[in-house]
Each structure stands twice: as structure tokens, then as C-alpha cells.
Amino acid sequence: MHVPDGFIDGPVSLGAGVVAAAAIGVALRGSRRELGDEKVAPLAGLVAAFVFAVQMLNFPVAAGTSGHLLGGVLAAVLVGPWTGVLCVAVVLLVQLFFADGGLTAYGVNVTCMAVATALVGWLVFRLALVVLPRRPGSVVPAAFLAALVSVPAAALAFTGIYALGGTADIPLGTLAAAMVGVHVLIGIGEAVITALVVSSVLAVRPDLVHGARGLVAARREAALRSAVTA
Amino acid sequence: MTRTRGLLLGGLLLALLLAGVVSQFASGSPDGLEKVAEDKGFIATATDSDLADSPVADYAVRGVDDERVSGGLAGVLGVLATFAIGGALFLVVRRGAGPAGREDRAGGEPTPR
């Protein structure tokens with residue numbers, strides 16, 4: 001979904017840049033709390049690197065169309081929503097040098113692919129956990145659902161920005177329908193990959209899955225205690 | 001803590017494998033946004049990135065002729081750069097936790113335990 005230069009006009013690109021900068025500012029403060037446990041800091045770097053890698057793996061979704069993981073929900077569930085926003089923002093920053101996503105479109109891309117995915121996804125994730133049974137395994141279906149919703153959410157964020165500053169005159173409803181339609185399909189891929197990775201990490205290190213905190217509190221405290229005494 | 005270090009190493013190796021090798025099997029079709037832009041007729045409004053001349057533009061390392069090697073190398077470089085930038089950022093953020101956070105080794109090296 002990397003927006004190239006030229007799709008969005010200058011003023012709205014700048015506005016999206018301001019929104020993205022503000023979101024990153026808030027995320028830096030929030031991430032500080034999420035990274036309270038020091039072993040999570042290098043892990044967050046790994047999550048960003050992993051998202052970069054998986055974003056290269058375009059999968060086919062329909063005739064002549066592909067999609068790839070956006071990773072906002074994956075990062076949010078593993079290391080926390082604010083740290084997740086920062087992870088994807090770092091990925092998008094590095095991708096600029098690969099000419100993937102335009103330089104002036106960086107704010108647009110951060111707003112859609114980092115902020116919208118991680119925050120909308122985190123909201124859906126938390127809501128799902130309210131309904132699901134209170135056990136660590138519930139994190140997997142909650143992450144699946146959140147990832148599924150996060151991709152059309154990013155598509156809608158783009159559509160909204162396009163409505164404000166798109167450089168071509170495309171009817172809003174037409175664009176929204178087309179964007180959401182294809183991105184629901186990509187969302188299924190996003191959901192499968194997210195659930196797979198979250199369940200893998202949950203299987204080996206449930207204490208490192210941010211979204212499972214509280215659900216594995218007892219086990220985590222025991223692990224921390226042994227780490228301190230070791 | 002060696003278990004965390006093991007997870008870090010394993011995860012990084014997996015990321016390098018995905019970006020360096022598996023990526024050559026990725027679909028080359030236009031992505032969702034590109035496809036919509038083609039169908040709705042605004043793909044032509046896209047302009048070249050200011051970094052279109054970067055030595056790793058379009059996930060190909062300049063000067064490496066073999067397409068697969070070039071693409072794989074670009075992926076490896078991207079993973080390492082993202083890990084370095086992300087890791088550094090989060091260590092700085094985490095150190096900033098200061099008095100409000102659980103600062104237990106102020107200014108110390110980020111040694112995994």
C-alpha cells in the first residue's frame with residue numbers, strides 16, 4: 001500500500017506529515033512505558049526487522065493483484081501498540097531508500113500503515129479479548145481479527161486522505177469501495193500471517209507477547225523472579 | 001538471559017532468510033493500491049521517488065547483475081538496517097524511561113541478561 005509521490009498534493013502531504021509526527025511523538029512516550037522491561041528493547045528492533053522482511057513477500061490475492069503484510073497489528077500485539085507504531089514507522093523510513101513509498105508521502109504512509117493499523121488493530125484486539133475466554137491462547141484469534149480489520153482500516157485512511165488531497169478527481173465512493181474491496185482480501189493474508197507468528201512466539205516465550213500480559217501474569221512473574229535470582 | 005538472546009538470533013536469522021531468499025518467490029503483481037490506481041486511472045499521477053537513484057532502489061543493489069542475488073542482497077541490507085535503526089531507537093527510548101520507568105542500570109550498556 002506504499003503511496004508514491006504525486007498521488008497526494010503538497011499541502012495534504014504536509015498535513016499528514018504533521019499528523020504522523022504528532023503520532024510518533026505520542027508513540028515515543030507510550031513506547032517508553034511499554035519498554036519498561038529492558039529485554040523488550042532489542043526484541044522491538046527485531047520485530048521491525050521481521051516486518052521489513054515479511055513486507056517483501058507479496059502474496060497473490062486476486063487476478064493480477066498482490067498484497068503483503070503491513071505488520072502494524074503483529075508489532076502491536078508482540079511489543080505494544082505504541083512501540084508497534086514506531087516499528088512500522090522505522091520500516092517505512094528504511095523503505096524510502098529502496099524507493100518504496102515516496103519521500104513526500106512518508107507522512108501519508110506512516111498515518112495509514114503505521115498509525116491506523118496499529119491503533120485501530122489494537123482497539124479491535126482489546127475488544128476481542130473482552131469477549132474471548134481469559135487465557136493466553138485467546139491472543140491468537142484476537143490478533144487474527146485485529147489484523148483482518150487493520151488492512152481495510154489503512155485503506156480507508158488512505159481514501160480519506162485522498163478525498164482531501166488526491167491529485168486526480170476520483171469519486172470518493174468509487175475509490176473507497178475499490179480500496180476496501182481489495183484490502184479485505186489482503187487483510188485475510190495479514191490475519192493468517194499475524195496469527196501464525198503470534199502463536200509461534202506465544203508457544204516459546206509467552207512472557208514476551210505484550211498482548212498476552214495479564215493473561216500469563218502468573219507465569220511471567222515466575223519467569224522474572226527466576227531471571228532476577230539467576 | 002540466553003533464552004531471549006536465542007530468540008533474537010533465531011528471529012533475525014529467519015528475517016534474513018525471508019528477505020534474502022524467500023523474497024525471490026514473492027508475487028510481482030501490482031499491490032492493492034497500485035491495482036486500484038490502475039483501474040481507476042490515476043496511476044499516472046505517481047512520480048518517481050526522490051530516492052529513485054539510491055543504490056538499493058526498487059530492492060536491487062546497483063552493480064549486482066544477477067537479479068536474484070541483487071534482490072536478496074537488498075533484502076538482507078534492509079533487514080540489517082531496520083534492526084540497527086529500530087534497535088538503537090528502542091534502546092534510547094527505553095533509557096529515557098528514567099525516573100518514571102524501572103531504571104535499574106542508568107546509562108549502562110544494554111547487555112541482555
Side-chain angles (χ1 to χ4, degrees), chain A residues 1-7 28 31-33 35-36 38-39 41-46 48-50 52-54 56-61 64-68 83 86-87 90-91 93-94 96-100 102-103 155 158 166-168 170 174-175 178-179 182-183 186 204-205 208 227 230, chain B residues 1 3-4 7-8 11-12 14-16 18-19 22-23 26-33 35-37 39-42 45-52 54 56-59 74-75 78-91 93-94 96-97 100-102 104-105 110 112-113:
Chain A
M1 196 189 287
H2 293 70
V3 180
D5 289 322
F7 274 13
L28 283 168
S31 175
R32 190 174 293 186
R33 283 193 305 275
L35 294 174
E38 74 177 37
K39 63 187 170 186
L43 195 76
L46 170 63
F50 189 80
F52 179 93
V54 182
M56 288 181 74
L57 308 179
N58 283 61
F59 48 83
V61 288
T65 312
S66 74
H68 62 69
T83 309
L86 297 178
C87 281
V90 167
V91 169
L93 179 74
V94 173
L96 289 177
F97 295 91
F98 292 80
D100 197 6
L103 197 58
F158 170 78
T167 51
I170 313 294
T174 310
L175 182 63
M179 281 298 286
V182 64
H183 287 96
I186 297 172
V204 286
R205 290 297 300 274
L208 291 182
Chain B
M1 200 169 134
R3 283 181 69 213
T4 302
L7 184 83
L8 264 177
L12 197 56
L14 178 62
L16 289 170
L18 293 175
V22 180
S23 62
S27 166
S29 298
D31 75 6
L33 175 61
K35 180 70 174 160
V36 169
D39 290 350
K40 304 302 166 197
F42 63 95
T45 61
T47 54
D48 256 356
S49 163
D50 294 309
L51 289 158
S54 139
V56 290
D58 298 319
Y59 298 90
V79 165
L80 293 177
T82 308
F83 183 64
I85 295 172
L89 170 73
F90 293 122
L91 282 172
V93 168
R94 139 81 198 155
R102 306 189 332 204
D104 49 7
R105 51 173 87 214
R113 51 174 187 181

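The shown structure was predicted, so the numbers you read here are calculated from the model rather than taken from an experiment. The chains referred to below are lettered A, B, ... by the order of the sequence lines, with proteins before strands, and numbering in each begins at 1.
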Examine whether an atom of [X] lies under 4.5 Å from a heavy atom of chain A, and if so say whether it belongs to the side chain, the backbone or both; otherwise answer neither.
X: B:Leu89; result: side chain
X: B:Ala37; result: side chain
X: B:Asp39; result: neither

Let's test your reading of the structure: which of [options] forms the most heavy-atom pairs below 4.5 Å with chain B?
options: A:Thr167, A:Val182, A:Ile170; result: A:Ile170
options: A:Gly64, A:Pro60, A:Gly166; result: A:Gly64
options: A:Val3, A:Thr65, A:Leu103, A:Val91; result: A:Thr65
options: A:Ile186, A:Leu175, A:Asp100; result: A:Asp100

Inset, instruction - Please test A:Leu43 against B:Phe90 for side chain to side chain contact (heavy atoms under 4.5 Å, CB included), starting from the C-alpha separation and ending with a verdict. - result: CA-CA 9 Å; A:Leu43 195 76; B:Phe90 293 122; over 6 Å; no

Inset, instruction - Please flag which part of A:Phe59 lies under 4.5 Å from any non-hydrogen atom of chain B: side chain, backbone, both or neither. - result: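 The answer is the backbone of A:Phe59.
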
Legend entry - A:Asp5 side-chain N/O to B:Thr47 backbone N/O, donor-acceptor pair under 3.5 Å: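 Checked: no pair found.
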
Inset, instruction - For the pair B:Ser27 (side chain) and A:Asn58 (backbone), establish whether a donor and an acceptor sit closer than 3.5 Å, ignoring hydrogens and angles. - result: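 No, B:Ser27 side chain to A:Asn58 backbone: no donor-acceptor pair under 3.5 Å.
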
Legend entry - Partner chain A: residue of B:Gly87, B:Ala84, B:Pro30, B:Gly41 with the largest heavy-atom pair count (under 4.5 Å): B:Pro30

Legend entry - Among the listed options B:Ser54, B:Ala57, B:Gly78, the residue most often paired with chain A at heavy-atom distances under 4.5 Å: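 Sorted descending by pairs with chain A, the first entry is B:Gly78.
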
Legend entry - Side-chain touch B:Ser23/A:Leu57, heavy atoms, less than 4.5 angstrom: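 B:Ser23 vs A:Leu57: side chains touch.
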
Residue pair [X] / [Y]: nearest heavy atoms and the distance that separates them:
X: A:Met56; Y: B:Gly75; value: SD-CA, 3.6 Å
X: A:Ser66; Y: B:Ser29; value: OG-O, 2.9 Å
X: A:Phe98; Y: B:Ala74; value: CE2-O, 3.3 Å
X: A:Ala41; Y: B:Leu91; value: CB-CD2, 3.8 Å
X: B:Val36; Y: A:Ala178; value: CG2-O, 3.7 Å
X: A:Ala168; Y: B:Phe42; value: CB-CB, 3.7 Å

Inset, instruction - Quick one: pull up CG in B:Leu18 and CZ in A:Phe52 and give me the separation to the nearest 0.5 Å. - result: 12.0 Å

Legend entry - Separation of B:Asp31 CG from A:His2 NE2 (nearest 0.5 Å):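 So the gap between those two atoms works out to 8.5 Å.
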
Legend entry - Derivation and outcome, side chain to side chain contact (heavy atoms under 4.5 Å, CB included), residues A:Thr174 and B:Lys40: CA-CA 8 Å; A:Thr174 310; B:Lys40 304 302 166 197; 3.9 Å; yes

Legend entry - Test side chain to side chain contact (heavy atoms under 4.5 Å, CB included) applied to A:Pro42 and B:Leu7, B:Leu12, B:Leu8, the passing residue: B:Leu8

